[in-house]
Structure formats: structure tokens, C-alpha cells
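Scroll down for the structure; my scribbles are underneath it.
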Number of protein chains: 2
Amino acid sequence: MKQTARAAEDGLKLSAWLPYRLFLVAAQIARPLESFYSETFGLSQAGWRILAVIAERDAANASEIGRACALDPFAVSRGIGQLTELGFAVRRPGKTDRRFAAVSITRSGRAAFNRIAALGSAIEARLLARLSDGERATIDSALTRLEAESARIDAGGWRALLDDASAP
Amino acid sequence: MKQTARAAEDGLKLSAWLPYRLFLVAAQIARPLESFYSETFGLSQAGWRILAVIAERDAANASEIGRACALDPFAVSRGIGQLTELGFAVRRPGKTDRRFAAVSITRSGRAAFNRIAALGSAIEARLLARLSDGERATIDSALTRLEAESARIDAGGWRALLDDASAP
DNA sequence: CATAGTGCTTGCACTTTGCAAGTATATATG
DNA sequence: CATATATACTTGCAAAGTGCAAGCACTATG
């Protein structure tokens, strides 16, 4: 109870706390996109993320997908199930090791993806329009470091955070 | 199918899409914080957000809280219920209009808040340490505009987004 | 060729959410 | 002043989502 005193006293204002501000923007943007793909295609958030991942690869196994879009194996399995039911993806047993099923996008899956991606790009364009070129570059580079640091924070867990008030 | 052609063709790579990058950072940071306050105090995410809001006001009614932390009235009601059960908040009927109950934080609620805020500040400090002063300033100002623009996008809904490919 | 290990899936209990309907209070109207 | 309408939540319940133990299919290893 030494180095945390400042934070304990002045409080932390939610609306000025960087992580909350990032969350707010992300959440406000996710809402219209999500209502689009869920109303239009009956897709869940996990389903959409997996669709986006298999759209940029010819085939992927479940753990690759999980890594690429930050979903646990259960969610991936269920998401793939949803996509195959909708006819947006197919599972083929892997060639060499048949534990790894290769998931790939179908023609109609790609069509759906393109429509959602168009909306996603429209949203991104609206956001980027509010920023100067310099700001875009700064944010792009800063975000790369923030992604890395937040991954480390996540991996360490909260116990590590309270200890290392002394650590670098 | 003119202005959306680019997006439709080249795809939109999830890992390079600004909203997803913001979401990733926010999600990775939320995880350790959430496991801390849920393990330690049995608080839900909504509960924590409400606690943070009432920590910086002497009293608030449910709709104020909802506006301040982007929660719908149901979630607010349940969150307040949780906080009062935990002894972290009290509801008093409003003085003039008794439909508006005034919610305020208790002594032990503030104690809990301070401990969570300390962890939150530690996380923020780790993130900010990865950025230069200039970057912090840029991000602060850019984020203000992104918050406003994403609120507009959210309010408009997805239909508005597909039409106004021509609008400013 | 039994044993252990990996990658993924299923079932089931538990939690969270969304929404219709309800309560309590306040204001407006005949 | 009774009644209607509006506001500000609150509750109950069904639907959806999540977490986890156990299971299945397959491969690697002694």
C-alpha cells in the first residue's frame, strides 16, 4: 500500500481510462455490424469472426482459427458448426493427420463475407475520415505495441500486475 | 456495387481492421481485471462499471448511470441490485420525485472500488509506458473524435451506413 | 499393440440477455 | 378528484450463450 496510494486516492475516472475508451469505441461499432450479420444471415459474433479468418486462407484447422480470432476451442467448434449449417463453410478431414480437419469457405460463404466486409469497410472509412494521415500512422504503430503489451498483461493475470509495481 | 467493390475484392483483413484491433486490446485488458473483481468481490462487469460511476458522484439515478456507462436500463437495475446485495451501494428514494431513486456508494463500496481502480491504473500505466508523450497526446485527441463518430455510427444503425456511401 | 497424448466435439449445468409485463409514482384531462 | 397517460424503473421467464467434464477419433511412443 505505497505505490498504489495515488490511484487509490484520485479514483480513476472511467470515461478517461484508456482501456474503457477503447472498449467504448469498439462496442459502439460492433453493435450495428452485429445486428446486420445476425439479422441478415443469422450469424453469431464468433461465426462472423471465423468467417473472416477462413476468407483469407484456403484452409484452416480449428486451432489456427482460434489463435487468429481469439476464441477458445469450444467457441471455434460451435462457430464452425454454425457456418457449415448455414452452408458458409465445409469441413474436410486433413490429408496427413486426420485429427486436423481443414475448414474452408464456400462460394456462398464468401458472398456473405463480402457483404459484411463492405459494411465493415464503410464503418472503418467513417472513422478514418476523422483522423489526419499523421494520426492514422501514429495510431497504427501505437496499436501494434498496445496489442503486444495487452497480450502480455492478459497472459500474466492480475496477480502479476499487483506485484510488479516495482518490476520494469 | 461500385464503391463497395474494393472492400468486396480485397477482403478486409480482420487483424488489420481498426475496430477489431481496438476490440482486441480492450478485450485482453478486460480479462485480468474482470477475473480480479469477480473472484475477489463477486462483481459482474456491469456491477464494476456502475461502481466506477457512482464512485465519482455523490448520488445518481438509474438513467444517469445508464448513460454514463453505456448500459441499458435492465442491466443497470440488475447491477444496482448486485451492488446493494454486496453492501457496495444504497438506494434512497428521490426527494422531489420518488420515481428516481438516488443510488450512492457506501464506505465498503468505495474500498472495493479503490482496490479495483489501483489494478486498473496499474494496467493503464503498463500500456502508457509503451507510448511516447506525443503518441499519448495524439491518441487522446483522436480517441475523442473516434468516440463521437462511433456513437453516431451506432445511433444511425447499419441501414444508414450502406446508403451513405455517397454522403459526407 | 497397449498407452499416452493431441485435436476437436458433445452434453449438460450454469449464467447472462432480451423482452413482455408489472409496480410505483407523477402529470394531465374531463 | 377520478381517470388517463406518461415516466422510471423492476421482475419473471424464455432464449441464447458459456464453461467445463467427458468423450471420440486419431497419432505417436515405448
Side-chain angles (χ1 to χ4, degrees), chain A residues 23 27 30-32 34-39 41-51 53-54 57 59-86 89-104 154 157, chain B residues 23 27 30-32 34-35 37-39 41-50 53-54 57 59-86 89-104 154 157:
Chain A
F23 164 80
R31 228 165 338 209
E34 186 162 359
S35 59
F36 173 67
Y37 60 62
S38 91
E39 286 171 31
F41 302 112
L43 221 49
S44 67
Q45 207 206 99
W48 150 241
R49 264 146 79 180
I50 294 169
L51 189 67
V53 168
I54 61 176
R57 290 168 170 70
N61 61 50
S63 31
E64 267 182 87
I65 293 172
R67 237 169 298 124
C69 56
L71 292 171
D72 62 64
F74 308 113
V76 173
S77 176
R78 283 167 177 145
I80 294 170
Q82 176 178 66
L83 291 175
T84 57
E85 260 179 46
L86 290 169
V90 282
R91 266 189 258 240
R92 253 188 301 277
K95 294 164 198 182
T96 53
D97 188 331
R98 303 204 311 187
R99 286 172 303 182
F100 300 81
V103 179
S104 28
D154 187 17
Chain B
F23 164 82
R31 227 164 340 207
E34 186 163 359
S35 59
Y37 60 62
S38 92
E39 284 170 33
F41 303 111
L43 220 51
S44 67
Q45 206 205 105
W48 150 241
R49 264 146 77 180
I50 294 169
V53 168
I54 62 177
R57 291 166 169 70
N61 62 48
S63 31
E64 266 183 86
I65 294 171
R67 236 170 299 121
C69 58
L71 291 171
D72 61 64
F74 307 114
V76 173
S77 176
R78 283 167 177 146
I80 294 170
Q82 177 178 67
L83 291 175
T84 57
E85 262 180 44
L86 290 169
V90 282
R91 265 190 261 240
R92 252 187 304 276
K95 297 163 196 179
T96 54
D97 189 332
R98 302 206 308 191
R99 287 173 301 183
F100 300 80
V103 179
S104 29
D154 188 16

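Evaluation of atom-type donor-acceptor distances gives no pair under 3.5 Å for the side chain of Arg98(B) against the base of dT25(C). You won't find any donor-acceptor pair under 3.5 Å spanning the side chain of Arg99(A) and the base of dT27(D), going by distance alone. Side-chain N/O atoms of Arg78(B) and base N/O atoms of dG12(D) include a donor-acceptor pair closer than 3.5 Å.
Rounded to a whole Å, the CD atom of Gln82(B) is 11 Å from the P atom of dT17(C). Between the CD atom of Glu39(B) and the P atom of dG19(D) there is a distance of 14 Å, rounded to whole Å. Separating the CH2 atom of Trp48(A) from the C1' atom of dG17(D) is a distance of 20 Å, rounded to the nearest angstrom. Across the protein-nucleic acid pair, Gln45(A) atom CD and dT18(D) atom P stand 8 Å apart, rounded to whole Å. Between the CG atom of Asp97(A) and the C1' atom of dG5(C) there is a distance of 12 Å, given to the nearest Å. Taking atom CZ on Arg91(B) and atom C1' on dT23(C), their separation rounds to 13 Å, with Å as the unit. One interatomic measurement links the two molecules: CG of Leu43(B) to P of dT16(C), which rounds to 11 Å at whole-angstrom precision. For Ile50(A) and dC8(C), the CD1 to P distance is 12 Å, given to the nearest whole Å.
Taking the side chain of Asn61(A) as heavy atoms from C-beta on, and the options dC8(C), dC26(D), dT10(D), the nearest nucleotide is dC8(C).
For the pair Thr84(A) (side chain) and Ile80(A) (backbone), a donor-acceptor distance under 3.5 Å is present. Using a distance-only test at 3.5 Å, with no hydrogens or angles considered, no donor-acceptor pair links the side chain of Gln45(B) to the main chain of Glu34(B).
When side chains are defined from C-beta on, Phe23(B) counts as touching Arg49(A), because their heavy atoms get closer than 4.5 Å.
Within the 4.0 angstrom heavy-atom criterion, only backbone atoms of the sugar-phosphate kind lie near Ser63(B); the bases stay farther away. Backbone-only engagement by Thr96(A) is indicated by non-hydrogen atom pairs under 4.0 Å involving sugar-phosphate atoms exclusively.
The CH2 atom of Trp48(B) sits 13.5 Å away from the OG atom of Ser38(B) when rounded to the nearest 0.5 Å.
Annotation: of the two residues near DNA chain C, Phe74(B) and Phe100(A), the 5′-most nearest-nucleotide partner is Phe100(A). Each of Asp72(A) and Ile80(B) lies near DNA chain D, and the nucleotide nearest Ile80(B) is the one positioned closer to the 5' end.
Checking each of Val103(B), Leu43(B), Val90(B) against Leu83(B) for a side chain to side chain contact (heavy atoms under 4.5 Å, CB included) leaves exactly one that passes, namely Leu43(B).
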